[in-house]
Undergrad: 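Got a structure for you, written out below as structure tokens; questions coming shortly.
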Amino acid sequence: MSLQHCRLIDLPKVHDPRGNLTFVEGGIHVPFGIERVYYLYDVPGGSQRGGHAHRGLEQLIVAMSGSFDVLLDDGRERRRYHLARSYYGLYVPTMIWRELDNFSSGAVCMVLASNKYDEADYYRDYAEYRAAVLQP
Ligand code: TYD
């Protein structure tokens with residue numbers, strides 16, 4: 001996987017004077033079945049989250065409220081995304097290193113994930129991750 005496989009996905013938006021509505025269907029709006037949802041909130045200013053890659057997990061990261069940055073790294077190059085609205089998300093395929101920072105006050109980061117939590121799926125050491133992706 002490379003940064004070329006990472007992309008922003010526009011989600012459906014149902015405009016309504018009573019308030020807008022966005023929905024996500026697994027296998028339709030995201031290229032995986034949704035097996036788990038988790039969210040980061042009450043993030044203190046200056047905090048960094050992430051700092052890992054996943055062997056087999058795919059994710060869609062959405063700023064449900066406020067904003068934050070997601071730095072993606074495929075072992076060769078890095079790209080920084082600023083997420084600030086809840087009607088699009090950042091698709092992160094397998095084997096991409098990610099770091100999240102620059103959280104605004106009140107930011108909520110929701111993640112849709114293709115599998116249940118499994119610590120064995122994580123690379124938490126950047127050198128180990130990089131060696132794995134760069135091996136011939
Ligand atoms: P981690 O994935 O490292 O958080 P982040 O990438 O957002 O910084 O997870 C932090 C802790 O939470 C870790 O001890 C594992 C636990 N955790 C679960 O138990 N279930 C989950 O679905 C997730 C995402 C984390």
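Counting convention: from 1, in listed order, for ligands and their atoms alike. Hydrogens, waters and symmetry mates play no part in the numbers below; they use all other heavy atoms, side chains included.
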Undergrad: Show me which atoms of ligand 1 lie under 4.0 Å from any heavy atom of R49.
TA: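 Heavy-atom distances to R49 below 4.0 Å select 4 (O), 5 (P), 7 (O), 8 (O), 10 (C).
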Undergrad: Provide the closest heavy-atom pair for F32 versus L112 in the form atom of the first, atom of the second, distance.
TA: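 Between these two residues, the closest heavy atoms are CZ-O, 3.6 Å.
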Undergrad: Which residue owns the protein heavy atom closest to atom 24 (C) of ligand 1, what's the atom, and how far is it?
TA: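 Scanning the protein heavy atoms, the shortest distance from atom 24 (C) of ligand 1 goes to R36 NH1, 3.3 Å.
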Undergrad: Check the side chains of Y126 and D73 for a donor-acceptor pair under 3.5 angstrom, ignoring hydrogens and angles.
TA: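 A donor-acceptor contact under 3.5 Å links the two side chains.
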Undergrad: Under 4.0 Å from any heavy atom of Y38, which atoms of ligand 1 are there?
TA: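 Listed by number with element: 24 (C).
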Undergrad: For atom 17 (N) of ligand 1, which candidate among Y117, Y39, Y122 holds the nearest heavy atom?
TA: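 Nearest heavy atom to atom 17 (N) of ligand 1 lies in Y117.
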Undergrad: Please list, in number order, the atoms of ligand 1 under 4.0 Å from a heavy atom of L40.
TA: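 Every atom of ligand 1 under 4.0 Å from some heavy atom of L40: 7 (O).
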Undergrad: Distance-only, no hydrogens or angles: does the R80 side chain make a donor-acceptor pair with backbone N or O of L72 under 3.5 Å?
TA: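 Such a contact is absent between R80 side chain and L72 backbone.
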Undergrad: Surrounding OH of Y38 (heavy atoms of other residues, nucleotides or ligands, distance under 6.0 Å), is the total greater than 12?
TA: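 Enclosed: over 12 neighbouring heavy atoms sit under 6.0 Å from OH of Y38.
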Undergrad: Measuring to protein heavy atoms, does anything land under 4.0 Å from atom 21 (C) of ligand 1?
TA: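 For atom 21 (C) of ligand 1 the answer is yes, since some protein heavy atom falls inside 4.0 Å.
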Undergrad: My understanding is that we take every heavy atom of each candidate and find the minimum distance to atom 6 (O) of ligand 1. Doing that for R124, Q59, H52, which one comes out nearest?
TA: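 Shortest heavy-atom distance from atom 6 (O) of ligand 1: H52.
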Undergrad: Under 3.5 Å between any N/O of G50 and any N/O of ligand 1: does that happen in this structure?
TA: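 It does: an N or O of G50 is found under 3.5 Å from an N or O of ligand 1.
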Undergrad: Is the distance between the ring centroids of W97 and Y123 under 6.0 Å?
TA: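 Centroid distance W97-Y123: not below 6.0 Å, so no.
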Undergrad: Any carboxylate oxygen within less than 4.0 angstrom of a Lys/Arg side-chain nitrogen, looking at R55 and D118?
TA: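 Answer for the salt bridge query: no.
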Undergrad: Under 4.0 Å from atom 12 (O) of ligand 1, is there any protein heavy atom?
TA: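 No, no protein heavy atom sits under 4.0 Å from atom 12 (O) of ligand 1.
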Undergrad: Looking at T22 and P12, would you say the former's side chain and the latter's main chain have a donor-acceptor pair under 3.5 Å?
TA: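 Judged by distance alone, yes, a pair lies under 3.5 Å.
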